[in-house]
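Just below is one structure, and these are the notes that go with it.
Just the heavy atoms: all of them, side chains too, but no hydrogens, waters or symmetry mates, feed the values below.
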Amino acid sequence: MKALLQSEVFLLMLVLGTFLLGIRLYQKLKFPLLQPLLISVAIIIPFLKITGIEYEIFYQQTRFLNFMLGPSVVALGYVLYEQIEHIKGKVVSILTAVFVGSIVGIVSVILIAKLFGADKILLSSLAPKSVTTPIAINIAQNTGGVPELTVAFVVICGLFGGLVGPMILRKLKIKSKVAKGLAMGSAAHALGTSRALEMGALEGAISGLAIGVMGIMTALLVPFVEKFLL
């Protein structure tokens with residue numbers, strides 16, 4: 001029985017099934033806390049604990065989904081292409097905003113974690129929290145972090161940003177669609193982008209652009225920042 005539960009087909013169906021359930025619940029109830037990813041996590045973690053399936057086995061058997069994260073981010077380029085007219089003339093401001101956001105995201109989390117006594121390994125795992133998972137994993141591996149921890153931090157960051165981001169933007173009375181998209185994509189990567197797409201096509205397109213630019217800048221900045229702060 002356990003061999004079946006640990007099989008690649010079953011675990012892939014488990015992940016996809018719980019995610020589709022989360023989508024259905026979210027579409028029906030429209031409650032912000034019922035994010036599809038959060039629903040999946042809430043079901044899968046107890047399932048793994050009850051069945052005794054090790055995380056390493058689960059990760060290995062669902063590696064196809066991890067691989068698809070890269071192409072899914074690239075696919076956002078089509079949405080961006082459809083909105084290209086709205087981006088012309090704003091390239092410098094977009095790059096500047098994401099660059100500043102990247103520095104603030106890296107420096108702030110490192111300083112806060114150091115204040116609470118985090119060691120170098122934990123700090124290196126936390127630093128790339130605001131970029132999409134494939135890029136974050138590579139950054140963590142190259143800077144001495146623990147990829148598994150980094151994945152957890154990326155998910156938490158994305159969930160939190162996706163939940164509170166729209167509310168913060170409303171409270172600050174941010175009207176610019178470009179600004180909304182940049183904020184969601186830079187702070188909460190793919191999960192933020194899914195919320196940005198709910199706001200509108202332009203917000204989603206800019207958020208997708210922010211994911212890629214944020215990933216590149218973070219990959220370049222993390223080693224540089226860590227030399228000064230660690």
Side-chain angles (χ1 to χ4, degrees), residues 15-16 19-41 65-102 104-105 128-136 154-219:
V15 174
L16 293 173
F19 188 75
L20 290 174
L21 173 64
I23 291 176
R24 187 69 179 271
L25 288 174
Y26 182 74
Q27 290 176 338
K28 186 174 183 179
L29 302 176
K30 296 295 183 182
F31 187 56
L33 289 177
L34 292 177
Q35 288 293 313
L37 181 58
L38 192 58
I39 297 296
S40 292
V41 170
L65 296 177
N66 294 317
F67 168 78
M68 289 304 297
L69 285 172
S72 67
V73 173
V74 175
L76 290 171
Y78 178 74
V79 181
L80 180 64
Y81 174 76
E82 291 184 321
Q83 304 295 328
I84 196 69
E85 291 297 325
H86 298 281
I87 300 172
K88 291 179 179 179
K90 299 177 182 177
V91 174
V92 174
S93 59
I94 288 173
L95 293 177
T96 301
V98 177
F99 177 73
V100 173
S102 181
V104 171
K129 63 167 178 50
S130 295
V131 300
T132 190
T133 303
I135 299 175
V154 167
V155 171
I156 292 170
C157 180
L159 284 172
F160 184 76
L163 289 172
V164 307
M167 180 183 66
I168 292 174
L169 292 172
R170 286 195 300 270
K171 292 291 183 182
L172 294 176
K173 301 186 186 314
I174 304 297
K175 302 297 183 182
S176 169
K177 294 183 177 182
V178 173
K180 290 179 181 179
L182 284 174
M184 295 301 293
S186 297
H189 45 83
L191 294 170
T193 299
S194 68
R195 291 302 304 275
L197 285 167
E198 294 177 15
M199 298 177 187
L202 180 56
E203 291 91 328
I206 296 296
S207 185
L209 173 63
I211 291 176
V213 178
M214 185 74 169
I216 294 170
M217 290 187 174
T218 301

Taking all heavy atoms of [X] and all of [Y], pick out the closest pair and write down the distance.
X: Leu191; Y: Leu159; result: CD1-N, 3.5 Å
X: Ser186; Y: Val98; result: OG-CG2, 3.8 Å
X: Leu202; Y: Lys177; result: CD2-CB, 3.8 Å
X: Thr193; Y: Gly204; result: CG2-O, 3.8 Å
X: Ser130; Y: Cys157; result: OG-SG, 3.9 Å
X: Val154; Y: Pro128; result: CG2-O, 4.0 Å

Should we say atom OH of Tyr26 is surrounded by more than 12 heavy atoms from elsewhere, each under 6.0 Å from it?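 Atom OH in Tyr26 is crowded, with more than 12 foreign heavy atoms closer than 6.0 Å.
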Is the shortest side-chain heavy-atom distance between Ile94 and Leu209 below 4.5 Å?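 Side chain of Ile94 against side chain of Leu209, heavy atoms only: contact under 4.5 Å found.
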Measure the shortest side-chain to side-chain distance between Leu65 and Leu16 over non-hydrogen atoms and say whether it is less than 4.5 angstrom.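 SC-SC contact between Leu65 and Leu16 confirmed.
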Are any side-chain N or O atoms of Thr96 and backbone N or O atoms of Val92, one a donor and one an acceptor, separated by less than 3.5 Å?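 Side chain of Thr96 to backbone of Val92: a pair is present.
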Check: Ser40 side chain, Phe19 main-chain N or O, donor-acceptor pair, under 3.5 Å: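 Present.
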For the [atom1] atom of [X] and the [atom2] atom of [Y], what is their distance to the nearest 0.5 Å?
X: Lys180; Y: Ile206; atom1: NZ; atom2: CD1; value: 13.5 Å
X: Leu38; Y: Ile156; atom1: CG; atom2: CD1; value: 10.5 Å
X: Leu95; Y: Lys90; atom1: CG; atom2: NZ; value: 14.0 Å

Can you give each donor-acceptor pair under 3.5 Å made by side-chain atoms of residues 161-174, sequence neighbours left out, with the distance rounded to 0.1 Å?
none

Residues in side chain to side chain contact (heavy atoms under 4.5 Å, CB included) contact with Ser102, at least two apart in sequence or another chain: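 Partners of Ser102 under the side chain to side chain contact (heavy atoms under 4.5 Å, CB included) test: Ile106, Met214, Met217, Thr218, Leu221.
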